[in-house]
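Just so it is clear, the values below take in all heavy atoms, side chains as well, and ignore hydrogens, waters and symmetry mates.
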Amino acid sequence: FVYADLNGNGAYDNGEPSATTDELGAYTFSTTASLAGVSIIAEGGIDQDTLAPVEFLKAPAGVTYVTPISSLAAYATEGITDEAELEASLTSFMTSMNFAFEDLAVDPVAVYETDPALLETGAAILTAVATSASLLAGFTESDEKLVASDLFQRIAQKDATELQAFTSAGSQETTAS
């Protein structure tokens, strides 16, 4: 389930454009509402590549692919409303993860054969967040979606060195398995 979070509250509200993804994760909104400056959120489902549960993923305004990497980018740039500042911050964030700003506009599955790092890093992030969220929610009797969202937010606030170490270790583990 994917929706455009028109009011920015991180929850689906009646009347917000929404869609169900197809088997490849693609979606289309039928709306006349402007989606400029609006985050896209995906809730529920199973990632077809990792088989990890998808409790909560987010894409920053202007990014249509909702992935673990876009979720980190959304939290790293949260609160930035100026378009030029948002692009500069997204560029800086993606560079800190050894990716390019343009990678946010790419379907990681579609480019896997030529650029496996994007999908492998995203898969490692999703697996780590999904597993941790499930465990923490079980221990604390918290909502798993909220725990996953909090984990993405905390990871996104790490400095560039910590992010590179986290994503490099994760993608190496994914490749090795």
Side-chain angles (χ1 to χ4, degrees), residues 1-14 16-21 25 27 35 37-81 85-86 89-99 103-104 108 118-171 173-174:
F1 179 69
V2 180
Y3 60 93
D5 190 17
L6 296 178
N7 61 3
N9 69 350
Y12 175 72
D13 297 301
N14 198 20
E16 289 182 321
S18 64
T20 301
T21 61
Y27 65 92
L35 300 182
V38 175
S39 293
I40 306 300
I41 296 178
E43 291 185 11
I46 301 292
D47 179 80
Q48 296 303 301
D49 295 300
T50 64
L51 301 180
V54 176
E55 293 298 329
F56 188 86
L57 293 175
K58 185 176 185 177
V63 175
T64 55
Y65 290 103
V66 187
T67 69
I69 293 172
S70 74
S71 296
L72 292 178
Y75 284 113
T77 58
E78 200 166 50
I80 299 173
T81 56
E85 185 182 351
L86 178 61
S89 292
L90 285 170
T91 299
S92 175
F93 177 78
M94 292 299 287
T95 300
S96 76
M97 291 187 59
N98 293 325
F99 292 112
D103 287 330
L104 287 170
L118 196 59
L119 181 63
E120 290 172 355
T121 300
I125 292 166
L126 180 60
T127 301
V129 168
T131 303
S132 300
S134 178
L135 288 170
L136 289 169
F139 287 134
T140 62
E141 298 181 14
S142 299
D143 182 292
E144 197 167 331
K145 178 187 105 167
L146 295 176
V147 174
S149 174
D150 184 57
L151 287 170
F152 274 115
Q153 188 171 30
R154 289 172 184 265
I155 294 167
Q157 301 310 313
K158 298 296 181 189
D159 69 27
T161 303
E162 291 173 308
L163 274 173
Q164 287 176 358
F166 177 78
T167 56
S168 295
S171 62
E173 288 173 16
T174 303

Can you name the closest pair of heavy atoms from [X] and [Y] and give their distance?
{"X": "Gly10", "Y": "Glu43", "result": "O-OE2, 4.2 Å"}
{"X": "Ala74", "Y": "Ala59", "result": "CB-C, 4.1 Å"}
{"X": "Gly122", "Y": "Pro68", "result": "O-CG, 3.2 Å"}
{"X": "Val147", "Y": "Ala133", "result": "CG1-CA, 3.6 Å"}
{"X": "Tyr27", "Y": "Ala19", "result": "CB-CB, 4.1 Å"}

Spacing of [X] atom [atom1] and [Y] atom [atom2] [to the nearest 0.5 Å]:
{"X": "Phe56", "Y": "Leu146", "atom1": "CZ", "atom2": "CG", "answer": "8.5 Å"}
{"X": "Leu118", "Y": "Met97", "atom1": "CG", "atom2": "CE", "answer": "9.0 Å"}
{"X": "Thr67", "Y": "Leu57", "atom1": "OG1", "atom2": "CG", "answer": "7.0 Å"}
{"X": "Arg154", "Y": "Leu72", "atom1": "CZ", "atom2": "CG", "answer": "14.0 Å"}
{"X": "Tyr12", "Y": "Leu6", "atom1": "OH", "atom2": "CG", "answer": "9.5 Å"}
{"X": "Leu90", "Y": "Thr77", "atom1": "CG", "atom2": "OG1", "answer": "4.5 Å"}

Under the side chain to side chain contact (heavy atoms under 4.5 Å, CB included) test against Ile40, which residue among Asp5, Val63, Val2 passes? Val2
So, [X] side chain and [Y] main chain: donor-acceptor pair closer than 3.5 Å or not?
{"X": "Ser18", "Y": "Ala4", "value": "no"}
{"X": "Ser71", "Y": "Lys58", "value": "yes"}
{"X": "Ser70", "Y": "Tyr65", "value": "yes"}
{"X": "Ser96", "Y": "Phe93", "value": "yes"}

Test log, rule side chain to side chain contact (heavy atoms under 4.5 Å, CB included), inputs Leu136 and Leu151: CA-CA 10 Å; Leu136 289 169; Leu151 287 170; 4.2 Å; yes
Under 30°, 30 to 60°, or over 60°: which ring-plane class applies to Phe152 and Tyr75, parallel, tilted or perpendicular?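 Rings of Phe152 and Tyr75: parallel, under 30°.
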List, one per line, each side-chain donor-acceptor pair under 3.5 Å for residues 123-132, sequence neighbours excluded.
from	atom 1	to	atom 2	distance (Å)
Thr127	OG1	Ala123	O	2.8
Thr131	OG1	Thr127	O	2.8
Ser132	OG	Ala128	O	2.8

Heavy-atom distance under 4.5 Å between the side chains of Ile69 and Thr121, does that happen here?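 Side-chain contact under 4.5 Å: yes.
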Close side-chain approach of Leu104 to Thr64, heavy-atom, < 4.5 Å: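 No; the side chains remain at least 4.5 Å from each other.
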